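Nothing here was measured: the structure is a model prediction, and the numbers come from that model. Just so we're on the same page: letters track the sequence lines, and every chain starts at 1.
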Amino acid sequence: MTRSYDPHVIEPKWQNAWERDGLYSVAEDPTRPKYYLLEMFPYPSGDIHMGHVRNYTIGDVVARQLTMAGHQVLHPIGWDAFGLPAENAAIKSNTHPAEWTYANIEKQKASFKRMGFSYDWDRTVITCDEGYYRWGQWIFLKFWERGLVERKSSPVNWCPSCKTVLANEQVLGGGECWRCKSIVEKRELEQWYFKITEYADELLDDLTTLTGWPERVKAMQANWIGRSEGAEVDFTLCDAAGEPAESTITVFTTRPDTLFGCTFFLLAPEHPLVRELVEGTEYAAPVMEVVDAAAKETSVERALGEREKRGAFTGRYVINPVNNEKVPVWVADYVLMEYGTGAVMAVPCGDQRDFEFARKYGLPIPPVVLPEDDPALEALREARGRVIDNVTWECAYSGPGIMVQSGAFTGMPTGAGGPGVAAVTRWLEDRGKGRFAINYRLRDWLISRQRYWGNPIPAIHCPSCGLVPVPECELPVRLPRDVDITKGETLADHPTFYETVCPTCGGPARRETDTMDTFTCSSWYYLRYCDARNSEAIWDVDKAAYWMPVDQYIGGIEHAILHLLYSRFFTKVFRDMGLISFAEPFTNLLTQGMVRKDGDVMSKSKGNVVAPEDMIAEFGADALRAYILFMSPPDKDLEWSREGLEGMYRWLSRVWRLVSEISAECAGGPMMAAAEGGAEKALNREMHRVIGKVTEDISRFQLNTSIASMMELTNAAYDYRNKVAAGDRDAALMRTVAENLTLLLAPYVPHMAEELWSEVLGAKSSVHRQPWPTFDAQAAAAEEVEMAVQVNGKVRGRITVVADLDDAAVIDAALKQVAAHLEGKEVLKTVVVAGKLVSVVAR
RNA sequence: GCCCGGGUGGCGGAACAGGCAGACGCGCCGGUCUCAAAAACCGGUUCCUUCACGGGAGUGCGGGUUCGAUCCCCGCCCCGGGCACCA
């Protein structure tokens, strides 16, 4: 009598047994190929959700399979534990952030164990542990030594709800805080920065080496870095009397070739020069009106492209270096202080924004680039000076064409990145009036936060020595526990924390009270896993060399820029420090899709959350694991379906019954398949086909189809049992099928596979310590193949031939099969695709 | 506007690398078992047409290359995402 499938009994049983036996502890082993499989570590925000289940199940299957296939697999887990949600929860529930955080970690840890994930728990990293964050402070000091830390005053993003500044990367498209979605404000504040821009070029260029990353993510990063090539051009400023003065204003442009079309010059409202230029003149009032209006607007309002542009003449002029023309200087609200130099040369014929501005204020729009088929081109081809002062166009033209009204450059072909750009740049360089230049959208990373629950910045403000780093031997700067967070206290409210002495001069000084952005903690945790308990060094160089880089990283697309860009930056700095010897931390990246329900992402606010705990209670962890892998390819979104989960449970029950019955029927039979008859050969072939298919699918993360093929093997085995009478069945073959199916299932449904292997089939050691089944190509090859026969592209018949039959014989059989369709026609051509089809062309 | 994805039955999805479109699952329909139901098992299930054999159409739309296109090329439409007065 066989037992029925009961996940609620077998799952906790095996979880305890594996933990007792230390099944998942791993150490360096130079004799075996290493594989570092990493999933993005969670934030301990509460119970786990389906997104966690999906992320960690994908990783777990691959980790388990690679282990069986003979790799030394590093598969660690930890918690990204500093950050604002802990503070907010603490304020709400009147607990300390630490208490809340560690309690949630325990809860999530229990859930991960209940899911049967194969983590090496000895390597766990928790970023708010002193043993971890001290090394974060150490990194800060090392960056400082290398000139990568800067404290400067600049306009920054301030979230009024989170009461802290944010990095540019943490402000979403609409000017919202990434965490609470409040609209951020601009404030001029002195803050700490990591100089990520020093690595801008390398961060961009190395994207091409990341062949294992999704295009989407690379495109997003390239977009974010936003490199544009062009030129800096110096314009000489005229004094109030209109005479050229000593000083120059520099602009950045991607189109120096259009310089002859520059008929006005623009300053951003925030540009420091604006006030200076108009002070005490008749132009002051209208100009300041524009400045004040811009200051009142939020960055979101200001970014609306369709809004009418506003500006005012400052009364001053600059000299255009290519033709010495006097060009009026305006202030305009569409010029951004944050990009380039905050000053722009306006070329209304070539830039739509300048075009609209010129039309509104009646400024001239002379053409300087004409498309080759433009009828006006003939008249302007020879003209060196200005013949046409105003185009009659509806909009600006920024495409390629021929330069006109452009002095010595007239007649030259040009366009973005074209020869005109290089020629004008060279001309400017020769005269010292400009130079080739590159501009980036990427800004330095603002890392200081005015919040308590984070890693303290190890710096000291000394009234006489200035900014002084905390000496390495004094690390860590401990985050004090006795802060009353419910009163909104931060380190700045704690004299016992900030009152200190200067390490340089010994005088009274003040400790920095800002903490570091949580993203500094997550930028290097993958390296710490290599040597998580080291108290002498951040990690042992040899251990990091053995495990790193991460072979496969799995996580959500929401980190496409933030975490993944910062981690790449850290890795490059570590390489320059000699701590590691590679440039990129994550060789392959899989961005898993989201779990949706009724078309929406599962969320508390939508009220459509399905709790993993509930599903485990009903169907067991194995069914949930297999279901979530089967429903959709890992990188696509997944629509939750209860019926689908029920179907998965049904299949697992079918497998359970199959293996149990075979085990009872074929107890003690030989472990080698005889496979003599036709049905036996077919089943044996199917088994090997599936072994090959599952192995290959896992290597490509096609986990949904790998499960489909195991279902096919299950169906084939049932089919065999249904069609062959009990006494005639090949016991050895059936037992081999049952064993191999169990082995294939082990990574997916580890508990059920273990129970079947160790108890039902009666093996001596854990299924997870068995070698992965080997694919026998010969056994998988069919002796006979069915081929389709096409006549003029349409399937008109089928033939069954021996697998290695030569083409002539195949064609012969094919033509006979479709003779009726060839009557009265002449066969012009035949094409044979081995084992698949014959294509006949006839007329 | 620029840059990435994506569009296949009632649904989720499959189709290595240009070779039989729709694997596998869900749902639905029919059957076996049962007093009955559930469970389980067996069979069917792209659409149109035909009693049937068969025939025709079909992977967002329109062209092209090819013996052959879901796949490659050109031109569009729609959906999702990122960036965006970035000079």
(Q) Whole angstroms only, please: what is the OH-C1' distance between A/Y440 and B/A84? (A) 20 Å
Q.
Can you measure A/W224 atom CH2 to B/C4 atom P for me and round it to whole angstrom units?
A. 19 Å
Q. Do A/W651 and A/T714 have side-chain N/O donor and acceptor atoms under 3.5 Å apart?
A. yes
Q.
Tell me if the centroids of the rings in A/F355 and A/W393 come within less than 6.0 Å of each other.
A. no
Q: Would you indicate, yes or no, if B/C86 has its OP1 or OP2 atom less than 4.0 angstrom from a side-chain nitrogen or oxygen of A/R353?
A: yes
Q: Could you check if the base of B/G56 is syn or anti? Syn means the glycosidic torsion is within 90 degrees of 0.
A: anti
Q.
Please report the distance separating the C1' of B/A87 from the corresponding atom of B/G5, rounded so that it comes out in whole Å.
A. 29 Å
Q | Pair partner, B/C72 [Watson-Crick or wobble, under 3.5 Å] | A | B/G64
Q. So which nucleotide does B/U59 pair with, by the Watson-Crick or G-U wobble rule with both distances under 3.5 Å?
A. none
(Q) With a cut-off of less than 4.0 Å, is there a side-chain N or O of A/K836 near OP1 or OP2 of B/C16? (A) no
Q. What is the distance, rounded to the nearest whole Å, between atom CH2 of A/W656 and atom P of B/A39?
A. 22 Å
(Q) Taking atom types as they are modelled, would you say the side chain of A/K309 forms a donor-acceptor pair with the base of B/C85 within the 3.5 Å cutoff? (A) yes
Q.
Rounding to an integer number of Å, can you tell me how far A/L638 CG sits from B/C26 C1'?
A. 13 Å
Q. Which word best sums up how the rings of A/H563 and A/H559 line up, parallel for under 30°, tilted for 30 to 60°, or perpendicular for over 60°?
A. perpendicular
Q: Scan A/T254 against the nucleic acid and name what it touches under 4.0 Å (heavy atoms): base, sugar-phosphate only, or nothing.
A: sugar-phosphate
Q: Once you apply the 3.5 Å cut-off to both distances, tell me the Watson-Crick or G-U wobble partner of B/C51, or none.
A: none
Q) Nearest of B/C24, B/C86, B/C85 to any side-chain atom of A/Y339? A) B/C86
Q: Take the protein atom CZ of A/F630 and the nucleotide atom C1' of B/G13, then report the distance between them rounded to whole Å.
A: 8 Å
Q) What nucleic acid atoms does A/P633 come within less than 4.0 Å of, heavy atoms only: base, sugar-phosphate, or nothing? A) sugar-phosphate
(Q) Taking B/U8 as the reference, what is the distance to B/G1 when you measure between their C1' atoms (whole Å, please)? (A) 31 Å
Q. Counting any heavy atom closer than 4.0 Å, what does A/D637 reach on the DNA or RNA strands: base, sugar-phosphate only, or nothing?
A. sugar-phosphate
(Q) Nearest whole Å is fine: how far is B/C83 P from A/R216 CZ? (A) 12 Å
Q.
Distance check, P atoms only: B/G25 and B/G80, in whole angstrom units.
A. 32 Å
Q: For the side chain of A/Q790, starting at C-beta, report the closest nucleotide among B/A87, B/G19, B/G5.
A: B/G19
Q: Using only side-chain N and O atoms of A/R796, determine if any of them is under 4.0 Å from OP1 or OP2 of B/G55.
A: yes
**Q.** B/C11 - base-pair partner by Watson-Crick or wobble geometry, distances under 3.5 Å
**A.** B/G25
Q: Compare side-chain N and O positions of A/R721 against OP1 and OP2 of B/C41 and report whether any pair is under 4.0 Å apart.
A: no
Q: Please lay out, stage by stage, how A/S228 and A/Y339 fare under the test side-chain hydrogen bond (donor to acceptor under 3.5 Å, both in side chains).
A: CA-CA 11 Å; A/S228 30; A/Y339 187 78; 2.9 Å; yes
**Q.** Side-chain donor-acceptor contact under 3.5 Å, A/Y334 with A/E356
**A.** no
Q: Ignoring backbone atoms, test whether A/N704 places a side-chain nitrogen or oxygen under 4.0 Å from the OP1 or OP2 oxygen of B/A14.
A: yes
Q | Counterpart base for B/A84, defined by Watson-Crick or G-U wobble contacts under 3.5 Å | A | none
Q) Are A/Y440 and A/W224 near enough that their ring centres are under 6.0 Å apart? A) no
Q.
Does A/G647 reach a base, just sugar-phosphate, or nothing at all? Heavy atoms under 4.0 Å.
A. sugar-phosphate
Q) Is the distance from OP1 or OP2 of B/A84 to the nearest side-chain N or O of A/R441 less than 4.0 Å? A) yes
**Q.** Minimum-distance nucleotide (side-chain atoms of A/R657 versus B/G19, B/C41, B/A14)
**A.** B/C41
Q: Considering only atom P, compute the distance from B/A17 to B/G68 and round it to an integer number of Å.
A: 23 Å
Q.
Assuming nearest nucleotide by heavy-atom distance, tell me which of A/S228 and A/R654 is located more 5' along RNA chain B.
A. A/R654
**Q.** Separation of the C1' atoms in B/G44 and B/G82, to the nearest angstrom
**A.** 46 Å
Q. Expressed in whole Å, how much space separates the C1' atoms belonging to B/C29 and B/G6?
A. 33 Å
Q. What distance, rounded to whole Å, do you find between the two P atoms, one in B/C33 and one in B/U46?
A. 28 Å
Q) Given the P atoms of B/U70 and B/C16, what is the spacing between them in whole Å? A) 13 Å
Q.
Measure CD/A/E558 against P/B/G5 and give the value in whole Å, please.
A. 20 Å
Q.
Using a 4.0 Å heavy-atom cut-off, does A/E786 contact any base of the nucleic acid, only the sugar-phosphate backbone, or nothing at all?
A. base
Q: Using a heavy-atom cut-off of under 4.0 Å over every strand shown, decide if A/N792 touches base, sugar-phosphate, or nothing.
A: nothing
(Q) Can you tell me which nucleotide in B/A87, B/C20, B/C85 comes closest to the side chain of A/L837? (A) B/C20
(Q) Within the 4.5 Å heavy-atom criterion, are A/R435 and A/D234 side-chain neighbours or not? (A) yes
Q) Who is the Watson-Crick or G-U wobble partner of B/C33, with both distances under 3.5 Å? A) none
Q | A/D635 CG to B/G81 C1', straight-line distance once rounded to whole Å | A | 14 Å
Q) Does A/E639 or A/V217 map to a spot on RNA chain B nearer the 5' end, using the closest nucleotide for each? A) A/V217
Q | Of the listed nucleotides B/C42, B/C24, B/G82, the one nearest the side chain of A/A708 | A | B/C24
Q) Hey, does A/K794 reach any base, or is it just sugar-phosphate, or nothing, if we go heavy atoms under 4.0 Å? A) sugar-phosphate
Q: Measure the CZ-CG distance between A/F264 and A/L266 for me, rounded to the nearest 0.5 Å.
A: 5.5 Å
Q | Heavy-atom side-chain contact between A/L442 and A/E169 under 4.5 Å | A | yes
Q.
Please confirm whether the shortest side-chain N or O distance from A/N223 to OP1 or OP2 of B/C2 is below 4.0 Å.
A. no
Q: May I ask you to test the A/Q592-A/D635 pair for a side-chain heavy-atom distance under 4.5 Å?
A: no
Q) Any side-chain N or O of A/K829 under 4.0 Å from OP1/OP2 of B/C67? A) yes
Q: Please state whether the phosphate of B/C26, meaning OP1 or OP2, lies under 4.0 angstrom from any side-chain nitrogen or oxygen of A/R650.
A: yes
